[in-house]
Amino acid sequence: MNPPDNIIILPFHPLPFFWLLIFIPFSLSLPSSFFFNSNLSFLFFFFVFCFMIMKVKDIEDHQKIETGFSQIQQQQQPQRLVNRVACEQYQLHQQQEEKISEKKKIDIDHYVQKGIEYHELDELEKATHQFRIAAKEESPIGMLLYGLSLRHGWGCRVNSTLAFQYLQKAAEFAVDGLQKGSSSCSTRKGELVIAIYELGVALQQGWGTTRSPETAFYYFKVAAQLGDADAQNEVADCYYRGYGTKKDLHQAATYYRLAASQGRGLIGNSWIYKTKYD
């Protein structure tokens, strides 16, 4: 018959008997008069008895702690296995998601590239169709090219309002990604900077939106700081005329020089090289 689960069976432990073997010779070495004194002998054996009880209690407590710790480990082991399996499943899921995302990105890039090829062949309707598919898949380059197609009527009807919406989404994606140093944006930096610049043009001209000199200047300056020469000329012109910002000839000269250093200098701008604008 097995004992109930709540009863702990303690194994034999030699330590109390070891101490008993020490006390017996010690008691034999005491003078006989000591044992005839009932008070002294009672105190002596009472002390021995208490000492033995404490030692046994210490052993029981220690073994209970070890038993409890062992039971806790046994209970936690299945949970650890579950956590480990869950972690491995999560990592596998992440890897699969990355593969799917990478494949989707390749497919979207294919639409963009195909659209560019059609555009170069002057097959504008086919080109715009490819750009539209990429734009619907949230491709910033697709949104840029589809927005430009809608603005200029390349293979589709002109729709300035929708064109502005796509250009705005592309530009906002570009500003956020490029300023944060996103690797996916860095590889397409040139095209994405164009999206920022073109949004500035739309706001400057009022194409598909209300004209806003201040916002146009903001996007021009972002694109200029990212190295776009056309945007640098626009920023310089804004500073020169006080368009969307305070008039500042020194800043105008600085940005005109930046554009000129990339081969986009303007005729008749020799004044920008005067020493007072250094």
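Please read all numbers here as calculations on a predicted model, not as lab measurements. One-based numbering along the sequence shown.
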Determine yes or no for a side-chain-to-main-chain donor-acceptor pair under 3.5 angstrom, with [X] supplying the side chain and [Y] the backbone.
| X | Y | result |
| --- | --- | --- |
| T245 | Y239 | no |
| R151 | S160 | no |
| R211 | L203 | no |

Looking only at heavy atoms, what is the nearest atom pair of [X] and [Y], with distance?
| X | Y | result |
| --- | --- | --- |
| A260 | Y273 | CB-OH, 3.5 Å |
| R264 | A229 | CG-CB, 3.4 Å |
| P140 | A170 | O-CB, 3.5 Å |
| F131 | V112 | CE2-O, 3.7 Å |
| L144 | A195 | CD1-CA, 3.7 Å |
| D278 | H250 | O-NE2, 3.2 Å |

Distance from [X] atom [atom1] to [Y] atom [atom2], nearest 0.5 Å?
| X | Y | atom1 | atom2 | result |
| --- | --- | --- | --- | --- |
| D228 | E234 | CG | CD | 9.5 Å |
| D248 | T254 | CG | OG1 | 8.0 Å |
| L150 | T128 | CG | OG1 | 7.5 Å |
| F220 | N233 | CZ | CG | 11.0 Å |
| L249 | K274 | CG | NZ | 10.0 Å |
| I196 | Y218 | CD1 | OH | 8.5 Å |

Group every Ile, Leu, Val, Met, Phe, Trp and Tyr by side-chain heavy-atom contacts under 4.5 Å, then state whether [X] and [Y] land in the same group.
| X | Y | result |
| --- | --- | --- |
| I272 | Y277 | yes |
| V201 | L192 | no |
| Y256 | V235 | no |
| F217 | I194 | no |
| V175 | L226 | yes |

Might you work through the side chain to side chain contact (heavy atoms under 4.5 Å, CB included) test for E137 and Y111, ending with a clear yes or no? CA-CA 10 Å; E137 293 293 336; Y111 290 124; 5.6 Å; no
Determine whether D237 and Y243 satisfy the following criterion, side chain to side chain contact (heavy atoms under 4.5 Å, CB included), listing intermediate values before the conclusion. CA-CA 8 Å; D237 184 64; Y243 180 85; 5.7 Å; no
So, Y197 versus Y219, ring centres under 6.0 angstrom or not?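 No.
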Using a 6.0 Å cut-off, check whether atom CD of E125 has over 12 heavy atoms from anything other than its own residue.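 Not more than 12 within 6.0 Å, no.
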Starting from the C-alpha separation in whole Å, work towards a yes-or-no answer on side chain to side chain contact (heavy atoms under 4.5 Å, CB included) for M143 and L167. CA-CA 6 Å; M143 289 187 285; L167 289 173; over 6 Å; no
Run the numbers on E117 and Q130 for side-chain hydrogen bond (donor to acceptor under 3.5 Å, both in side chains), then give the verdict. CA-CA 10 Å; E117 291 173 5; Q130 299 295 320; over 6 Å; no
For Y255 and Q225, run side chain to side chain contact (heavy atoms under 4.5 Å, CB included): C-alpha distance rounded to whole Å, both residues' side-chain angles, the deciding distance at 0.1 Å, then the answer. CA-CA 10 Å; Y255 278 95; Q225 291 172 342; 4.0 Å; yes
Does either side chain, that of Q232 or that of Q262, offer a donor lying less than 3.5 Å from an acceptor on the other one?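 Q232 vs Q262: donor-acceptor pair found between side chains.
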Side chains of D109 and Q113: does their closest heavy-atom pair fall under 4.5 Å?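 D109 does not reach Q113 side chain to side chain.
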Which word best sums up how the rings of Y240 and W271 line up, parallel for under 30°, tilted for 30 to 60°, or perpendicular for over 60°?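 Rings of Y240 and W271: tilted, 30 to 60°.
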Decide whether a cation-pi geometry holds between K114 and Y118; the criteria are a distance under 6.0 Å from NZ or CZ to the six-membered ring centre and an angle within 45° of the ring axis.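 Judged by the rule, K114 and Y118 form a cation-pi pair.
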